[in-house]
Amino acid sequence: MKKAFVLLAALVAVTVSAASPRIAVVDLRRVFKEYYKSRIAEEFIKQQAESARLYLGQLTKQLEALRADARRLGTNAMNQALDPALKAKADADAAAALRKVAEKEAEIKLYTGERAREIQELEQRRRAEIIADIRAEVNRRAVVGGYELVLDSSGMTTNDLPAVLVFPAKNDISNAVIRELNRNASKPKSQR
């Protein structure tokens, strides 16, 4: 009877272990951060933002110069000592200067909006490419490791608690994913 019970317990254990899915975890935040393409994309986006900031600085200086010119011409146009012909010209010059200020303000607003949108789209495109690479490697690693389910250990619940509380270290595939993604990072392009 004892042998039958032990045999039955072993059979149940094998059946239960065979029925339970193999689960792996990956820290996607860490993978994304340590993937060399993430650093390249981040640097490129920073360069684009800095370029936009510098150009916006130039436009702002131009606007300030136009405003100063408009103030000077406006003050000149208010001079009551001018004869009517010069007063009319001063008024026209002041109005033209105000139009230039308004045009420059519109140009700045348009540039700021368009450039912010372009940089955001660039960031989204680069992020999507990186996520596709990461996802492909996680999927490949899951197939190779025989994992039926892969959970993101970096995810947080609405209570700011980790979504995955406990898992065996052997089931964490983060290092393997990072290593594979970065395998070609330092090789010259001719060797890739």
Pairs satisfying side-chain hydrogen bond (donor to acceptor under 3.5 Å, both in side chains), at least one member in residues 165-177, at least two apart = Arg30-Asn175, Asp172-Ser174
Assess whether a salt bridge exists between [X] and [Y], defined as any Lys/Arg side-chain N lying under 4.0 Å from an Asp/Glu carboxylate O.
X: Lys61; Y: Glu64; answer: no
X: Arg125; Y: Glu129; answer: no
X: Arg183; Y: Glu137; answer: no
X: Glu107; Y: Lys104; answer: yes

ask   = Would Tyr35 and Asp133 count as a side-chain hydrogen bond (donor to acceptor under 3.5 Å, both in side chains) if you check the C-alpha gap in whole Å, the side-chain angles of each, and the deciding distance to 0.1 Å?
value = CA-CA 10 Å; Tyr35 184 23; Asp133 288 353; 2.7 Å; yes
query = When rounded to the nearest 0.5 angstrom, what is the spacing between CD in Gln58 and CG in Leu56?
reply =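 Those atoms lie 9.5 Å apart.
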request  = Measure the spacing between CG of Asn79 and CG of Leu82 and express it to the nearest 0.5 Å.
outcome  = 4.0 Å
request  = Decide yes or no for Arg115 and Gln48: does some side-chain heavy atom of the first lie under 4.5 Å from some side-chain heavy atom of the second?
outcome  =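 Yes, at least one pair of side-chain atoms sits under 4.5 Å.
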ask   = Is the shortest heavy-atom distance from the side chain of Glu180 to the side chain of Arg140 under 4.5 Å?
value =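 SC-SC contact between Glu180 and Arg140 confirmed.
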request  = Would you please name every residue forming a ring pair (Phe, Tyr, Trp, His ring centres under 6.0 Å) with Tyr111, sequence neighbours left out?
outcome  =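 Expected list: Tyr55.
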task = Using ring pair (Phe, Tyr, Trp, His ring centres under 6.0 Å) as the criterion, list what pairs up with Phe167, not counting sequence neighbours.
result = none
Enumerate donor-acceptor pairs with a distance under 3.5 Å from any side-chain N or O in residues 93-102 to protein atoms, sequence neighbours excluded.
from, atom 1, to, atom 2, distance (Å)
Asp93, OD2, Lys89, NZ, 3.1

message = Just by distance, no angles: are the side chains of Asp152 and Ser154 close enough, under 3.5 Å, to form a donor-acceptor pair?
response =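 Side chains of Asp152 and Ser154: pair found under 3.5 Å.
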ask   = Taking ILVMFWY side chains as joined if any heavy atoms are under 4.5 angstrom apart, and letting links pass through other members, which residues group with Leu110?
value =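 Answer for Leu110: none, a lone residue.
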inquiry  = Using the salt bridge (Lys or Arg N to Asp or Glu O under 4.0 Å) criterion, which residues pair with Glu42? Sequence neighbours excluded.
reply    = Lys46
Greater than 12 external heavy atoms within 6.0 Å of Arg127's CZ = no
key: With Val25, the side-chain contact (heavy atoms from CB on, under 4.5 Å) member among Ile173, Val150, Leu149, Leu151   =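 Of the listed residues Ile173, Val150, Leu149, Leu151, the side-chain contact (heavy atoms from CB on, under 4.5 Å) partner of Val25 is Leu151.
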